[in-house]
Every structure is written in C-alpha cells, then in structure tokens.
Amino acid sequence: MNTKKLSLYATALLSTALVLGACTDKEIVKNAPTNEEIQSEFGFRSFDLDIDTVKKRDAIEASFDLDMSEIEAEYKNKLNNIKLSGDKAYSELQPIFKELGLTTDMSREEVIEKVSKAFGAEDYAEFDLEIEFTDGSEQEFSDMK
C-alpha cells in the first residue's frame, strides 16, 4: 500500500514540475516601447507566421503578441539558423514589422508577397499567417504552392 502512495505522490510531483517548467517567461519582451507606440508603429497587436519550404517544415516561425500586461516574441528561422525569444526576438522582428506596413485593406496576395519577401521565403511551399490588427479585426492568410 505504501508503494502505491509513494508512486502516486511521485507522479503528482513530476506532473507539477513539468507544468511549471513549461510556464516560463522566456518569450516575454522586457525592453520594448509602450503598447500604444508598438501598435502605432506596426499596425497590429499579434502576428503568428509559419512558413514551410520544400526542404524544411516550419522553416520560419515568427510570433508576436501584445497583451495588456506583457509583450511576447519568438522568432525561429531554420534557413538562417536563428532561434530567438523575448527581447532578442523583438529586436530582430521590429525592423521587419516596421517595414511591412500591413493594413486591413491589403489584398491577400499583397500581404503574402510582402511577408514572404520580408522573411526571405518567396519560394515557400506553405504559408500561414494570422494577424490581429490594432482595430481588433483578425485576418488569416494561407497559401500553398
């Protein structure tokens, strides 16, 4: 009977450790402008990009999320061996986002062309992008070649 209790206790402890370990703040950006400045500069509150190439699945992944209390950023680019999170990811993504100038009235083709070019993946096999603009509208852009 003691072995069952010990086994159950160990399982609970391990599960708790795994859950807490998964909840890290490595993606949190600590050194960024105010939320208003970012929204004005980028035109969006969240950006979630996933690009596959013929040779690499998840070749490019970029995520940015502006919440009321925090900003999260993550950038992975297997084509250029980049894997960044938090402030480093934000520093890498900020000039790209600023240059994009995405707006809600852009066509699907225009958004896909601008984003794939900005991330150096014009020859993508699959393109998926979800954006929440500053006005609260959400748009999804997908394409396969």
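The structure presented is a predicted model; accordingly, all values stated were derived computationally and were not measured.
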Looking only at atom types and distance, does a side-chain atom of K30 sit under 3.5 Å from a main-chain N or O of G86, one as donor and one as acceptor?
no
Report, as yes or no, whether the 6.0 Å neighbourhood of atom NZ on K145 holds more than 12 heavy atoms from other residues, nucleotides or ligands.
yes
Has S137 got a side-chain atom pairing as donor or acceptor with F133's backbone, closer than 3.5 angstrom?
no
For residues F119 and L79, determine if any side-chain heavy atom of one lies less than 4.5 Å from a side-chain heavy atom of the other.
no
Could you go step by step and tell me if F97 and I38 meet the side-chain contact (heavy atoms from CB on, under 4.5 Å) rule?
CA-CA 10 Å; F97 289 163; I38 290 173; over 6 Å; no
Counting N and O atoms only, with roles assigned by atom type, does the side chain of K114 sit under 3.5 Å from a partner on the main chain of L100, one being a donor and the other an acceptor?
yes
Decide if atom CD of E41 counts as having more than 12 heavy atoms of other residues, nucleotides or ligands within a radius under 6.0 Å.
yes
Salt bridge (Lys or Arg N to Asp or Glu O under 4.0 Å) filter on E138, not counting sequence neighbours, yields none
CZ of F141 to CD of E113: how many Å apart, nearest 0.5 Å?
13.5 Å
Can you tell me if CD on E99 sees more than 12 non-hydrogen neighbours from other groups inside 6.0 Å?
no
Hey, are the side chains of D143 and R108 touching, using non-hydrogen atoms and a 4.5 Å cut-off?
yes
Distance in Å, Q94 CD paired with F64 CZ, rounded so as to fall on 0.5 Å steps
9.5 Å
If I compare all heavy atoms of S91 with all of P95, which pair ends up nearest, and what's the gap?
O-CD, 3.2 Å
For the pair S40 (side chain) and E36 (backbone), establish whether a donor and an acceptor sit closer than 3.5 Å, ignoring hydrogens and angles.
no
Return the orientation label for the Y90 and F42 ring planes: parallel under 30°, perpendicular over 60°, tilted otherwise.
tilted
Can you find a heavy atom in the side chain of Q139 that is under 4.5 Å from one in the side chain of T104?
yes
List the steps, then state whether side-chain contact (heavy atoms from CB on, under 4.5 Å) holds for D58 with D52.
CA-CA 5 Å; D58 298 324; D52 296 343; 3.6 Å; yes
Nearest 0.5 Å please: distance from the CG atom of D50 over to the CZ atom of R57.
7.5 Å
Any non-hydrogen side-chain atom of R45 less than 4.5 Å from a side-chain atom of Q39?
yes
When rounded to the nearest 0.5 angstrom, what distance separates NZ in K76 from CD1 in I51?
15.0 Å
Report the distance from atom CG of N77 to atom NZ of K83, rounding to the nearest 0.5 Å.
13.0 Å
Nearest-0.5 Å distance that lies between atom CG in L129 and atom CD in E140:
9.0 Å
With a 3.5 Å cut-off and no angle check, do the side chains of S142 and D128 form a donor-acceptor pair?
yes
Side chains of F47 and V115: closer than 4.5 Å at any heavy-atom pair?
yes
State, to 0.1 Å, how close L93 and S63 come at their nearest heavy-atom pair, and which atoms those are.
CD1-O, 4.1 Å
I71 versus D65: any side-chain heavy-atom pair under 4.5 Å?
no
Tell me if a side-chain donor or acceptor on N80 pairs with a main-chain N or O of I82 at a distance below 3.5 Å.
no
